[in-house]
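Being a predicted model, the structure only gives us computed values, none of them experimental.
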Amino acid sequence: MGGLGIMINHRKFSYMFQNQKIAKDIYYVGVNDRQKHKFENMISLPNGVSYNSYLIMDEKTALVDTVDISFGDIFIEKIQSQLQGRTLDYLIINHMEPDHSGSIRIIRKYYPEMIIVGNIKTLSMVDGYYGVTDNTLEIKDGQILSLGTHKLEFHLTPMVHWPETMMTFDQATKVLFTGDAFGCFGTLDGAVVDQDMNVDKYWDEMARYYANIVGKYGAPIQKALKKLTPIDFEIICSTHGPVWKKYITEVVDMYDQFSRYHGEDGVVIIYGSMYGNTELMAETVAQGLSQSGVKNIIIHNVSKSDPSIIIRDIFKYKGIIVGSPTYSNELYPEVESLLRKIEIRQVKNRVFGCFGSYTWASAAIKRLTTFVETMKWQSAEITVDEKQGLKEDNYKACLELGRQVAVLMKNLVDEPEHCV
Ligand code: FEO
């Protein structure tokens, strides 16, 4: 009976939400996901994630992006609470990935006259994913849509993160709705705007988000940043994480640095090890780095570290050293899996070293050498390949590998072709 009572009384609660105001006439109607274990069913979410959506209340009303359908019910109630019986005139779609477009169909059911606004690629995806083809408005790059006081400018920014991605700038409030760009993992715990919270916990999550989600698209992000230069935006409303007002410079700078593949001084050692022999080599390489003055040395056991954190660190630092045993005449599978993640993201301009061990036939070093050729990274001359347990000559070689990578790292400069 209690559950039924809640169902019967549901409507009377539908206007209860007090949505947070972001700027004049603009309200946050997004949701937190504290339930999903893995984003895209791959990337861990220890701190959850938010799906951000914004409602503009003018002569015409407009919603900017939606949320994952798992939260469609509460999302609709937030919108209704703000509209207070008014209709929803427009849905602006900056990005079609289903964590943002998932609620399109349910919103259309509540507001059948609502016009869906997107570029030609967006509207094709709206049809493809949701079978919606009516009441749509195709906009072109630079086009303006007036809601009354608020004039929305559309800026196409393809491949930040999908081909249809665009940004929407509100001339009246100088709010820039950016889609995934400048987004990060981590739920919004009470506050929505950066100046109302301690943002410390978001920086690492922004780096992890960038590296894992949009890391492959450095060149399109650089293009988008260049395109944004003449736009005098004062607030960034991304689809994930805080609304940025106070820390805009830091956030844009982080995206700029990462998309240029600029690494900090430091080396990430990634290894797999079944019985500790390759692990001992990793420890020794780290010692060689330290003897050469490298202060930032991060060691990841691939069988234990979260892959999304390893990927984050690869984007963060200049040097990568990989160690693997030979396993059934191939690379240790956990290391292979990690290499594929790096290859997919096409990380550029790193220095590299490798080491491995085997029992009766060596294969790991061959694959690691092929890997670095594919990545076009600078590689240390020395590779260390030990048969069975680590012995003194290869102990010394591991120290030397660390030293060689340290020298390469110190001499590495950002490549001009990766910069705007
Ligand atoms: Fe948050 Fe590319 O979707």
Side-chain angles (χ1 to χ4, degrees), residues 29-31 33 36 39-42 49 51-56 60-80 83 86-147 150 152-170 176-181 183 213-214 216-217 220-221 223-224 227 237-240:
V29 291
V31 296
D33 188 342
K36 199 172 273 132
F39 193 77
E40 297 178 345
N41 261 335
M42 284 186 291
V49 65
Y51 310 118
N52 299 344
S53 171
Y54 307 90
L55 186 55
I56 308 172
K60 298 283 185 184
T61 59
L63 185 66
V64 183
D65 291 311
T66 77
V67 302
D68 188 296
I69 187 58
S70 316
F71 300 87
D73 188 28
I74 197 166
F75 179 52
I76 288 289
E77 292 208 22
K78 286 186 169 190
I79 292 167
Q80 287 178 326
L83 289 173
R86 289 184 65 185
T87 192
L88 182 57
D89 295 299
Y90 294 105
L91 169 60
I92 315 294
I93 302 179
N94 283 330
H95 185 21
M96 272 301 293
E97 193 164 4
D99 54 332
H100 309 297
S101 69
S103 297
I104 286 178
R105 218 159 20 198
I106 190 171
I107 291 180
R108 173 47 74 78
K109 280 187 180 154
Y110 277 83
Y111 302 103
E113 305 303 320
M114 172 191 79
I115 295 169
I116 296 174
V117 181
N119 59 67
I120 189 166
K121 289 177 181 164
T122 316
L123 298 182
S124 163
M125 291 184 190
V126 172
D127 181 13
Y129 271 108
Y130 306 108
V132 174
T133 52
D134 59 325
N135 283 354
T136 61
L137 173 65
E138 184 194 323
I139 55 86
K140 302 264 194 283
D141 192 30
Q143 196 170 327
I144 293 171
L145 174 69
S146 176
L147 304 178
H150 297 262
L152 304 181
E153 277 177 27
F154 302 108
H155 298 275
L156 273 56
T157 52
M159 300 317 299
V160 184
H161 156 218
W162 279 13
E164 88 299 355
T165 43
M166 65 180 201
M167 299 188 190
T168 301
F169 177 62
D170 174 31
L176 183 64
F177 301 96
T178 59
D180 280 347
I213 306 299
V214 292
K216 180 176 178 178
Y217 306 108
I221 289 169
K223 249 185 215 170
K227 198 169 181 177
C237 288
S238 163
T239 45
H240 299 290

Knowing that exactly one of Glu164, His95, Met125, Met96 qualifies, which makes a side chain to side chain contact (heavy atoms under 4.5 Å, CB included) with Ser101?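 Answer to the side chain to side chain contact (heavy atoms under 4.5 Å, CB included) test with Ser101 among Glu164, His95, Met125, Met96: Met96.
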So which of Val64, Ile139, Ile93, Leu91 actually passes side chain to side chain contact (heavy atoms under 4.5 Å, CB included) with Val117?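 By the side chain to side chain contact (heavy atoms under 4.5 Å, CB included) criterion, Val117 pairs with just one of Val64, Ile139, Ile93, Leu91: Ile139.
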Grab the two heavy atoms, one from [X] and one from [Y], that are nearest each other, plus how far apart they are.
| X | Y | result |
| --- | --- | --- |
| Leu83 | Tyr111 | CD1-OH, 3.3 Å |
| Thr157 | Ala224 | CG2-CB, 3.9 Å |
| Thr61 | Leu88 | OG1-CA, 3.2 Å |
| Gly179 | Ser238 | O-OG, 3.2 Å |
| Val160 | Thr165 | N-OG1, 3.0 Å |

Applying side chain to side chain contact (heavy atoms under 4.5 Å, CB included), can you list everything that pairs with Leu147, at least two apart in sequence or on another chain?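 Result, side chain to side chain contact (heavy atoms under 4.5 Å, CB included) vs Leu147: Ile56, Asp58, Lys60, Ala62, Tyr90, Leu145, His150, Leu152.
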With sequence neighbours excluded, what pairs up with Pro158 under the side chain to side chain contact (heavy atoms under 4.5 Å, CB included) test?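 Side chain to side chain contact (heavy atoms under 4.5 Å, CB included) check on Pro158 returns Leu156.
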Who pairs with Asp141 by salt bridge (charged side-chain N to carboxylate O under 4.0 Å, His left out), at least two apart in sequence or on another chain?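 Applying salt bridge (charged side-chain N to carboxylate O under 4.0 Å, His left out) to Asp141 gives Lys227.
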For Lys140, give me all partners under salt bridge (charged side-chain N to carboxylate O under 4.0 Å, His left out), at least two apart in sequence or on another chain.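 Lys140 satisfies salt bridge (charged side-chain N to carboxylate O under 4.0 Å, His left out) with Glu138 once adjacent residues are dropped.
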Please name all residues satisfying side-chain hydrogen bond (donor to acceptor under 3.5 Å, both in side chains) with [X], sequence neighbours left out, ordered by chain then number.
| X | answer |
| --- | --- |
| Asp68 | Lys36, Ser70 |
| Asp65 | none |
| Thr168 | Asn94 |

Give, for atom [atom1] of [X] and atom [atom2] of [Y], the distance between the pair rounded to the nearest 0.5 Å.
| X | Y | atom1 | atom2 | answer |
| --- | --- | --- | --- | --- |
| Ile76 | Thr66 | CD1 | OG1 | 9.0 Å |
| Glu153 | Leu176 | CD | CG | 9.5 Å |
| Ile144 | Asp170 | CD1 | CG | 11.0 Å |

Provide the full list of salt bridge (Lys or Arg N to Asp or Glu O under 4.0 Å) pairs with a residue in residues 88-100, sequence neighbours left out, each pair given once.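 Every pair satisfying salt bridge (Lys or Arg N to Asp or Glu O under 4.0 Å) with a residue in residues 88-100: there are none.
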For residues 112-127, pull every pair meeting salt bridge (Lys or Arg N to Asp or Glu O under 4.0 Å), keeping only residues two or more places apart or in separate chains.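 The answer is none; no pair qualifies.
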Side chain to side chain contact (heavy atoms under 4.5 Å, CB included) evaluation trace for Gln143 with Asn119: CA-CA 10 Å; Gln143 196 170 327; Asn119 59 67; over 6 Å; no
Start with the C-alpha gap between His100 and Asp180, add the side-chain angles, then the distance that decides, and say whether side chain to side chain contact (heavy atoms under 4.5 Å, CB included) holds. CA-CA 9 Å; His100 309 297; Asp180 280 347; 3.0 Å; yes
Using a 6.0 Å cut-off, check whether atom CD1 of Ile120 has over 12 heavy atoms from anything other than its own residue.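 Open.
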Name the atoms and distances for all side-chain donor-acceptor pairs under 3.5 Å in residues 103-110, with sequence neighbours left out.
from	atom 1	to	atom 2	distance (Å)
Ser103	OG	Val67	O	2.8
Arg105	NH1	Tyr130	O	3.2
Arg108	NH1	Asp134	O	3.3
Arg108	NH1	Asp134	OD1	3.0
Arg108	NH2	Met114	O	2.8
Arg108	NH2	Asp134	O	3.2
Arg108	NH2	Asn135	O	3.3

In terms of ring plane angle, is the pair His240 and Tyr51 parallel, tilted or perpendicular, where the classes change at 30° and 60°?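 Perpendicular, since the angle between the ring planes exceeds 60°.
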Would you please name every residue forming a ring pair (Phe, Tyr, Trp, His ring centres under 6.0 Å) with Phe154, sequence neighbours left out?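 None.
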Could I get the full list of ring pair (Phe, Tyr, Trp, His ring centres under 6.0 Å) partners for Tyr54, not counting sequence neighbours?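 Listed in chain order: Tyr28, Phe177.
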Please test Leu63 against Ser53 for side chain to side chain contact (heavy atoms under 4.5 Å, CB included), starting from the C-alpha separation and ending with a verdict. CA-CA 7 Å; Leu63 185 66; Ser53 171; 3.3 Å; yes
